[in-house]
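Written below as structure tokens is the structure these notes are about.
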There are 2 protein chains.
Amino acid sequence: MSTFDPTDRPRGRLGIKEIARRAGVAPMTVSRTLSDPAKVSPETRARVMAVIEQAGFIRNELASSMRSGRRIVGTMVPPLINSGIAEQVQGMTDACQASGYQLLLVQGDFTPEAEEEAIRALLGWQPAGLILQAFVQSPAARRRLAAGPAPVVEISEVRGREPIDMAVGVSNFETAHAMTSHLLAKGYRRIGFVSTPVHGNDRLRQRRIGYRQALRDAGHHYPVPLEIEVPITPAGGAEAVRRLSAMDAALDVIFCSSDTLAIGAVQECHRRGWPIPERLAIAGYGDVDLAAQLFPTLTTLRVDRYAMGRRAVEQLLRRLRGEADVPAVETLGFEIVERQSA
Amino acid sequence: MSTFDPTDRPRGRLGIKEIARRAGVAPMTVSRTLSDPAKVSPETRARVMAVIEQAGFIRNELASSMRSGRRIVGTMVPPLINSGIAEQVQGMTDACQASGYQLLLVQGDFTPEAEEEAIRALLGWQPAGLILQAFVQSPAARRRLAAGPAPVVEISEVRGREPIDMAVGVSNFETAHAMTSHLLAKGYRRIGFVSTPVHGNDRLRQRRIGYRQALRDAGHHYPVPLEIEVPITPAGGAEAVRRLSAMDAALDVIFCSSDTLAIGAVQECHRRGWPIPERLAIAGYGDVDLAAQLFPTLTTLRVDRYAMGRRAVEQLLRRLRGEADVPAVETLGFEIVERQSA
DNA sequence: CTGTTAGCGCATTCAT
DNA sequence: ATGAATGCGCTAACAG
């Protein structure tokens with residue numbers, strides 16, 4: 001398969017040593033040419049680079065990382081199809097690629113045990129740092145992470161909980177409180193709340209608490225709590241319309257904890273011929289691309305997930321560069337995007 | 001007076017050597033306990049495992065991989081927010097985690113140069129195999145991959161092009177041909193085609209060719225080709241409705257090369273008060289979650305992207321296990337899902 | 001600016 | 001069943 005050029009008959013594996021031999025320098029000079037070119041004379045550098053190019057040599061990062069700096073960022077995230085997570089991962093990869101790090105990805109719907117296992121696996125690769133999106137539930141894992149040398153950024157709820165190390169995120173309490181208050185200010189009185197299962201998900205829990213608090217702050221009390229949990233799919237949103245409207249005939253708006261649900265809810269209203277927002281209003285969370293294009297356009301809460309991903313990596317890098325005063329918790333802003341649906 | 005105490009502060013780094021010291025065995029025994037427990041006596045194994053647990057030791061995979069098998073699967077994919085890619089990556093991570101591999105992710109909208117750079121970066125980590133979704137354009141990169149020791153699976157178009165090594169995917173020509181023929185069979189006569197820019201994207205190109213061929217096969221010829229390119233967003237789908245309906249007043253259906261576009265197109269129809277499919281029908285590609293929940297439900301072409309991701313990893317593993325007759329090209333099926341929109 | 005020495009943490013190989 | 005020696009490919013630290 002490989003084409004052989006008589007001039008580069010490899011003696012042994014194609015390593016830094018072989019390149020050195022061909023260029024007539026010491027291995028160390030090749031190493032320096034790669035990692036600190038300024039310390040090599042221009043002529044030598046050119047000669048070495050030429051040989052590298054010609055041979056198609058690629059440095060073994062495994063070996064390199066063992067002796068010098070770590071160049072892997074490990075990350076654990078919930079399922080990517082969840083709205084927002086993909087954008088966040090995109091922010092992370094972009095930031096990593098820009099600074100020469102590689103992203104090692106673990107992803108899934110983890111039980112506490114699986115989560116612990118996943119973190120263990122990541123740590124084995126000696127990451128320069130970790131970015132964790134799923135709430136780390138296992139105390140053992142939290143302890144291990146805190147004790148380890150790798151900085152950790154949790155992309156998560158920034159309220160109340162003590163981060164393992166650093167955190168980037170929004171106050172989900174605040175965002176949900178703001179949206180609920182906004183809906184109340186617009187005159188809605190019976191506000192339903194639908195989320196995917198909050199169990200083990202701090203962010204969702206905080207959103208629900210924010211919703212409840214806003215109702216209380218405004219002096220509202222519902223005889224039956226208008227809160228339900230559904231699967232994280234558009235069908236879940238449709239289900240929410242069915243169940244919540246059955247729970248309270250006076251229901252006038254549903255606050256969905258994600259745009260995915262909101263979009264599904266909107267479709268169900270169309271199906272029933274319910275005008276939005278007149279018969280039932282819908283509010284989302286996340287501001288995905290589709291929100292602005294939906295019919296009717298979706299009132300939602302915008303959180304910049306891409307920026308979250310980027311910031312998480314940047315925070316990690318600042319810590320790795322040894323910068324002083326890297327804030328432990330970075331709170332990002334949010335914005336209520338008022339459109340037609342509520 | 002050093003009494004044996006496993007809770008000892010580590011002397012030196014916490015490595016296999018330190019574990020060995022605490023357990024009173026040789027480092028090699030610890031290594032074996034981890035990678036080939038059967039070769040260690042039950043008592044010794046238990047003792048070593050206890051120390052490992054107790055100390056929270058995690059093997060250095062970097063060092064391990066240098067000496068023995070590679071445990072990284074590298075992957076390069078287009079932006080995750082593209083419909084389908086996220087599911088595919090999910091399939092890959094699930095399959096990797098199940099077999100003890102880790103996924104190193106590179107992601108983005110690559111120019112040929114950036115693509116070459118990204119592949120280079122992946123190869124540096126000595127991956128056991130590579131899964132590439134973006135079409136590898138650079139001949140240099142293709143040559144390098146072909147020459148390297150790592151098996152490569154391209155998730156891509158399976159028609160016409162010679163894979164670097166192996167391929168998993170569908171015939172985009174066939175899928176698009178089938179959908180177009182289906183629309184013709186249903187009586188539509190003026191079929192518009194919208195895709196995101198095909199430049200450098202073999203899959204999209206094949207879809208367009210399939211569309212054209214189906215029209216030709218049915219004896220259709222449009223004075224002005226009803227083909228346009230738009231950005232890969234719901235707004236792009238809306239744009240398609242505007243532009244295509246302006247190009248041909250008799251347009252009766254739009255075949256969108258992705259569900260994202262189709263969903264945007266449907267919203268634009270609602271905005272115009274155009275009944276779907278009576279005034280204008282819409283067909284998509286991909287069958288995302290929302291397709292079945294949309295109002296009206298979306299006629300689309302289902303391709304199991306999650307399975308594609310899984311299969312890609314499985315094919316890699318089979319090759320790595322040295323199985324004979326691993327097929328070079330694995331063609332997955334597809335299905336036209338007829339719903340209300342067309 | 002360049003080379004030499006030593007060793008990162010583990011597993012292969014060969015001993016016992 | 002266990003251990004000792006050796007080296008994977010690279011680079012920090014220290015010459016020259």
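All values derive from a computational prediction rather than experimental measurement. All chains are named by letter (A, B, ...) in the order of the sequence lines, taking the proteins before the strands, and each is independently numbered beginning at 1.
- Checking dA12(D), dG3(D), dG3(C) against the side-chain heavy atoms of Ser68(A) singles out dA12(D) as nearest.
- A salt bridge does not link Arg319(A) to Glu314(A): none of the charged side-chain nitrogens sits closer than 4.0 Å to a carboxylate oxygen.
- When the C1' atom of dA5(D) is taken as reference, atom NZ of Lys17(B) falls 12 Å away, rounded to whole Å.
- As rounded to whole Å, 15 Å separates atom C1' of dC10(C) from atom CG of Asp36(B).
- Within residues 58-65 of chain A, the residues approached by DNA chain D to less than 4.0 Å at the level of any non-hydrogen atom are Arg59(A), Asn60(A), Ala63(A), Ser64(A), in residue-number order.
- Put simply, Ser41(A) has a side-chain N or O that comes within less than 4.0 Å of OP1 or OP2 on dT2(C).
- A pairwise comparison of heavy atoms in Leu14(B) and Arg22(B) identifies CD1-NH2, 4.0 Å as the closest pair.
- Where Arg67(B) and Ser31(A) each meet DNA chain D at their nearest nucleotide, the meeting point lying more 5' is that of Arg67(B).
- Contact check on Arg47(B) versus Glu43(B) returns no salt bridge, with no Lys/Arg side-chain nitrogen under 4.0 Å from an Asp/Glu carboxylate oxygen.
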* To do: For side-chain hydrogen bond (donor to acceptor under 3.5 Å, both in side chains), just list the numbers for Gln126(B) and Glu61(A), CA-CA rounded to whole Å, side-chain angles, deciding distance to a tenth of an Å, and then say yes or no.
  => CA-CA 8 Å; Gln126(B) 314 297 109; Glu61(A) 297 292 340; over 6 Å; no
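- The CD1 atom of Ile16(A) sits 14 Å away from the P atom of dT4(C) (whole-angstrom rounding).
- Computed from coordinates, the Lys39(A) NZ to dT2(C) C1' distance equals 12 Å when rounded to whole Å.
- Two residues, Met66(A) and Ala26(A), neighbour DNA chain C, and the one matched to the more 5' nucleotide by heavy-atom proximity is Ala26(A).
- Taking 4.0 angstrom as the limit, Thr44(A) places a side-chain polar atom (N or O) nearer than this to OP1 or OP2 of dT2(C).
- A salt bridge between Arg318(A) and Glu323(A) is present, with a side-chain N of the basic residue lying under 4.0 Å from a carboxylate O of the acidic one.
- Between Thr29(A) and dG3(C) there is a side-chain polar atom (N or O) within less than 4.0 angstrom of OP1 or OP2.
- Met28(B) places its CE atom 7 Å from the P atom of dT12(C), with the value rounded to the nearest Å.
- Remark: Glu116(A) does not engage Arg120(A) in a salt bridge, criterion side-chain N to carboxylate O under 4.0 Å.
- In this structure, the CZ atom of Arg71(B) is 11 Å from the P atom of dA11(C), given to the nearest Å.
- What separates CZ of Arg21(B) from P of dG9(C) is a distance of 15 Å, to the nearest Å.
- Spacing between atom CZ of Arg32(A) and atom C1' of dG3(C) amounts to 8 Å, rounded to whole angstrom units.
- The nearest pair of heavy atoms linking Ile155(B) to Ala312(B) is CD1-CB, 3.7 Å.
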